[in-house]
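Right, one structure below, let's go through it.
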Amino acid sequence: MDDRRTESGDRPADGRPDWRRRARRVGRAAGLGFAAGALAVGGFVAAGETVRFASDTVFAVGALILGFAVLGWSGSVFAGRGIENAQEHLDVSSNWSEADSRRAMTLLAGVGVGGMVGSVLATLALGGV
Amino acid sequence: MISKRFVIKRLLLLIPVLFGVATFVFAILHLAPGDPARVIAGQRASEEFVRQIRTELGLNDPIWVQYGRFLVEAVQLDFGRSYQIQKGTPVTEVLRYKLPVTLEMAIYGQLLGILFGIPLGLLGAVKQDSVSDHLTRIGALTGISVPIYWSGPLVILLFAQVLNLLPASGRIASRFDIQPITGIITLDTLIQGNFAAFQSAAAHLLLPSMVIGIYSMALISRMMRSSMLEVIRQDYMRTARAKGQGSKITVMKHGFRNAMIPVVTVIGIQFGTLLGGAVLTETVFGIAGIGSLLVSAIQVGDYPIVQGTVLTFAFLFTLVNLGVDITYSYLDPRIEQ
């Protein structure tokens with residue numbers, strides 16, 4: 001573990017964000033999504049569904065995850081500070097923070113994109129178009 | 001002074017928000033059961049006709065092609081044509097007539113919330129632990145807790161049925177024939193100088209706005225109270241009082257602006273809830289805005305209308321939050337940094 005990093009893990013002590021580390025993390029999430037997407041299409045087809053149905057369903061689920069993640073990310077950037085303030089003023093403080101939320105949503109977006117790409121490639125490989 | 005860089009940065013944030021909503025809605029509608037081609041053709045239509053519609057709509061293309069096409073068309077504000085509700089009419093055209101109805105109700109609701117919420121919160125903070133403070137807090141907690149589908153019928157029962165003071169549904173009495181200019185009926189009646197019609201429109205709007213504004217008022221007053229209490233205890237407030245300034249002037253001149261910072265943020269976030277509330281309120285009060293349009297579109301499977309309505313809601317919400325951000329940075333210039 002690099003001791004120059006802060007607790008959050010992707011911002012070194014000099015204050016600049018560590019893009020390489022962030023990209024690696026999102027890449028891993030996308031890889032996971034890709035594998036899950038491709039396997040899910042294969043799984044549906046193996047279970048007797050048409051390639052068309054499998055492709056549509058898995059791609060839509062990937063898009064759902066991506067949409068949710070992008071919305072969550074932008075919502076955190078847009079209103080995160082306000083929500084943190086509101087929590088403080090309404091005495092309902094939790095451990096939720098804007099930065100954590102953004103990080104989580106970025107990973108989720110990676111999974112979503114990976115899933116979409118995985119389903120497209122699996123569909124093409126199965127000759128479903 | 002608000003910096004251009006700050007505003008541009010916030011405007012650019014609109015892009016991921018709208019992209020996220022568009023993707024989300026696309027995915028939900030593709031996962032929902034039902035065939036849009038069958039919806040358009042009708043249950044008794046032949047398979048061949050359904051297939052023909054499917055080809056015309058491009059539903060035979062791979063889903064990623066449909067997704068790309070949907071995004072490109074959404075950027076051009078083309079959400080397609082209504083399948084069912086106004087068959088064949090472009091969605092943008094449908095929304096153009098329905099949007100002002102919802103906006104009018106949401107804006108009046110928000111205004112009521114602000115007009116009553118801020119003074120009540122101030123009163124609670126200035127007279128902390130007095131009877132009026134306790135009443136305000138109970139009122140605020142009740143307002144936050146009561147759902148619209150319950151408060152709506154209750155106010156109709158009280159003000160329209162028992163007291164017979166206000167109309168229970170609609171936008172204006174049927175005897176008035178108002179030509180739409182802006183679509184916001186209270187504004188249109190004023191522009192046309194018809195004050196009797198304005199009175200009728202305002203009376204029709206009061207109950208739905210009240211219902212939609214109760215939650216907003218409750219939250220704003222609670223936020224205002226806690227924020228003002230915090231400000232009142234600050235050293236600069238004590239200094240101002242020590243210099244002989246009256247307590248009312250101290251609160252309004254030095255405290256109010258600082259206490260407003262978190263309240264303004266809540267008002268922005270609250271607007272989303274208000275738009276969500278419009279869906280229920282319009283259904284309860286029989287108002288034909290985009291809230292009730294959305295409900296009907298979901299019921300009959302009119303997907304283009306659902307997509308257009310949800311994207312419009314998202315756009316409005318982000319736009320209001322942009323306004324809030326700008327106000328926020330005006331109240332506290334440190335925010336821009």
Side-chain angles (χ1 to χ4, degrees), chain A residues 37 40-41 50-93 98 102 105-106 108-109 112-113 115-129, chain B residues 9-10 12-32 59-67 70-71 140 144 219 222-230 259 261-272 314 317-318 320-322 324-325 328 332 335:
Chain A
V41 171
T50 61
V51 179
R52 175 82 207 211
F53 174 82
S55 172
D56 281 7
T57 308
V58 177
F59 186 90
V61 170
L64 191 71
I65 297 172
L66 173 68
F68 176 80
V70 174
L71 253 183
W73 180 87
S74 41
S76 307
V77 176
F78 241 116
R81 200 179 43 234
I83 294 168
E84 281 178 5
N85 258 331
Q87 282 184 343
E88 198 181 304
H89 282 274
L90 293 173
D91 278 338
V92 287
S93 268
E98 185 226 348
R102 264 190 295 115
M105 291 302 162
T106 312
L108 215 51
V113 171
M116 288 161 81
V117 175
S119 75
V120 171
L121 292 183
T123 308
L124 292 174
L126 291 168
V129 183
Chain B
K9 216 170 137 186
R10 302 309 277 184
L12 284 177
L13 260 177
L14 284 175
I15 298 168
V17 173
L18 294 175
F19 168 72
V21 174
T23 304
F24 195 75
V25 173
F26 175 86
I28 292 258
L29 292 180
H30 272 80
L31 286 171
L59 296 174
N60 288 328
D61 296 332
I63 187 169
W64 54 90
V65 174
Q66 292 181 47
Y67 175 61
F70 166 68
L71 288 182
I144 290 172
L219 205 64
R222 189 153 163 70
M223 198 71 190
M224 188 73 210
R225 180 184 177 276
S226 92
S227 175
M228 186 50 104
L229 275 177
E230 200 178 295
I261 294 168
V263 179
V264 165
T265 319
V266 161
I267 290 171
I269 297 170
Q270 184 51 35
F271 195 74
F317 180 58
T318 44
V320 167
N321 271 284
L322 179 73
V324 165
D325 272 346
Y328 199 87
D332 186 357
I335 299 297

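Note that the coordinates shown come from a computational prediction; the quantities given were computed from them, not determined experimentally. Each chain gets a letter, A, B and so on, in the order the sequences are listed, and its residues count up from 1. Values reported hereafter were calculated over all heavy atoms of this structure, with side chains retained and with hydrogens, waters and symmetry mates removed.
With respect to chain B, the highest number of heavy-atom pairs below 4.5 Å among A:Leu64, A:Val61, A:Ile65 belongs to A:Leu64. Contacts with chain A were tallied for B:Leu29, B:Asp61, B:Leu14; B:Asp61 has the most, counting heavy-atom pairs under 4.5 Å.
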*Evaluate the criterion side-chain contact (heavy atoms from CB on, under 4.5 Å) for residue pair A:Val77 and B:Leu13; output intermediate values, then yes/no.*
CA-CA 8 Å; A:Val77 176; B:Leu13 260 177; 3.3 Å; yes
Quick one, B:Phe19 with A:Leu66, criterion side-chain contact (heavy atoms from CB on, under 4.5 Å). Give me CA distance, side-chain angles, the key distance, then yes/no. CA-CA 10 Å; B:Phe19 168 72; A:Leu66 173 68; 4.0 Å; yes
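Pairing each heavy atom of A:Thr57 with each of B:Leu31, the nearest pair is O-CD2, 3.9 Å. Contact record, B:Val17 with A:Leu71: O-CD2, 4.0 Å, taken as the closest heavy-atom pair. Between B:Ala27 and A:Ala60 the shortest heavy-atom distance is CB-O, 3.2 Å.
The distance from the CG atom of B:Leu18 to the OG atom of A:Ser74 is 8.5 Å, given to the nearest 0.5 Å. Remark: A:Arg52 CZ to B:Asn60 CG distance equals 6.5 Å, nearest 0.5 Å.
Only the side chain of B:Tyr67 comes within contact range of chain A, with at least one heavy atom under 4.5 Å from a heavy atom of that chain.
Classification of the A:Phe59-B:Phe26 ring pair by plane angle, with boundaries at 30° and 60°, yields perpendicular.
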